[in-house]
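All figures in this text were calculated on a predicted structure; none of them were measured in a lab. We count ligands from 1, going down the list as the structure has it; atoms in each ligand are counted the same way.
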Amino acid sequence: MAGGSVSECKEYLFKVLVIGELGVGKTSIIKRYVHQLFSQHYRATIGVDFALKVINWDSKTLVRLQLWDIAGQERFGNMTRVYYKEAVGAFVVFDVTRGSTFEAVAKWKHDLDSKVKLANGNPIPSVLLANKCDQKKDISNSTALMDNFCRETGFLGWFETSAKENINVDEAACFLVENILANDKGLPYEESNGDRIKLDQETVAAESKSGCC
Ligand code: GTP
Ligand code: MG
């Protein structure tokens, strides 16, 4: 009899954006998360870079995160609408040593929400990252203030991260994926081909495998 069989393992492919001002550490966070590497050397991203992280979420779920590392300078360009297309989650990053980068977070979030939405019309889940927490802070926002800011601007939550010292990078990613999966319940990869992006291995610069945190 045809049909009726439910496949044992579900596979998902999620496009996740990493956005925020120039030099806040977007590329470094991705490098840390995907390759467990860090470099002090700054080389600005031009346009967009890609990385792939494969997560053995649980015994029945495989998640591929396609991370879109978007150059800080792109907010002033016209490409963000193209880059944001079909994303299902986002990190907005700022640098705790530079207050101006926090001030720009609301603009990035607004840009994001105005250009991409979930199929049901809701904003895509997004998480705020206060990066370089290994350094002396320029802004020392209280937890209450940050919680309030997240509520007002529509972030699911925020994490203090350090790509350098490997603080909270995995935790933040797990938190975002949990929320993406909650939105995607009942829509495993094979059944939602129309909504999902196709993965072209040649466009993916980097890949690593790991279990969840
Ligand atoms: P654009 O591509 O220009 O938008 O910048 P970006 O956001 O990708 O920043 P990138 O990751 O290139 O990092 C900028 C600089 O900050 C580099 O010199 C990194 O080494 C440094 N950096 C990134 N994350 C951290 C961190 O957690 N702690 C410290 N101390 N330095 C960091
Ligand atoms: Mg970069």
Are any of the N or O atoms of [X] closer than 3.5 Å to those of ligand 1?
{"X": "Thr45", "answer": "yes"}
{"X": "Gly72", "answer": "yes"}
{"X": "Gln73", "answer": "no"}
{"X": "Gly20", "answer": "no"}
{"X": "Thr161", "answer": "no"}
{"X": "Gly23", "answer": "yes"}
{"X": "Ala163", "answer": "yes"}
{"X": "Ala44", "answer": "no"}

Is it possible for you to check whether Lys26 lies under 6.0 Å from the centre of the six-membered ring of Phe91, through NZ or CZ, and within 45° of that ring's axis? no
If you measure from atom 22 (N) of ligand 1 to every heavy atom of Glu74, Lys132, Lys31, Lys26, which option wins on shortest distance? Lys132
Considering only heavy atoms, which of Ser162, Ser28, Ala130 lies nearest to atom 19 (C) of ligand 1? Ser28
Does Lys109 come within less than 4.0 Å of Asp113, counting only side-chain N to carboxylate O? yes
Ionic contact status for Asp111 with Lys107, cut-off 4.0 Å: no
In terms of side-chain heavy atoms, does Asn168 have a donor or acceptor partner in Thr161 at a distance below 3.5 Å? no
What residue and heavy atom of the protein are closest to atom 9 (O) of ligand 1, and at what distance? Gly25 N, 3.1 Å
the protein heavy atom lying closest to atom 12 (O) of ligand 1 turns out to be Tyr42 CD1, 3.2 Å
Report the part of Ile29 (side chain from C-beta onward, or backbone N, CA, C, O) that has a heavy atom under 4.0 Å from ligand 1; answer both or neither where that applies. neither
Heavy atoms only, cut-off 4.0 Å: how does Cys133 contact ligand 1, side chain, backbone, both, or neither? neither
Does Thr45 bring an N, O or S atom to under 2.8 Å of the Mg ion (ligand 2)? yes
Can you check whether [Y]'s main-chain N or O pairs, donor with acceptor, with [X]'s side chain at less than 3.5 Å?
{"X": "Asn56", "Y": "Asp58", "value": "no"}
{"X": "Arg32", "Y": "Ala163", "value": "yes"}
{"X": "Asp138", "Y": "Gly99", "value": "yes"}
{"X": "Lys137", "Y": "Cys133", "value": "no"}
{"X": "Asn179", "Y": "Phe175", "value": "yes"}

Which atoms of ligand 1 are found less than 4.0 Å from any heavy atom of [X]?
{"X": "Leu22", "value": "3 (O), 4 (O)"}
{"X": "Asn131", "value": "24 (N), 25 (C), 27 (O)"}
{"X": "Gln135", "value": "30 (N)"}
{"X": "Asp134", "value": "26 (C), 27 (O), 28 (N), 29 (C), 30 (N)"}
{"X": "Gln40", "value": "17 (C), 18 (O), 20 (O)"}
{"X": "Ser39", "value": "19 (C), 20 (O)"}

Chi angles and distances behind the side-chain contact (heavy atoms from CB on, under 4.5 Å) call for Val16, Gln66: CA-CA 6 Å; Val16 169; Gln66 193 182 50; over 6 Å; no
Mind checking whether Phe155 and Phe149 have parallel, tilted or perpendicular rings, split at 30° and 60°? parallel
By the definition side-chain contact (heavy atoms from CB on, under 4.5 Å), identify the one residue from Ile19, Leu129, Thr153 that meets it with Val92. Ile19
Smallest heavy-atom separation, Gly25 atom then Asn131 atom, equals CA-ND2, 3.7 Å
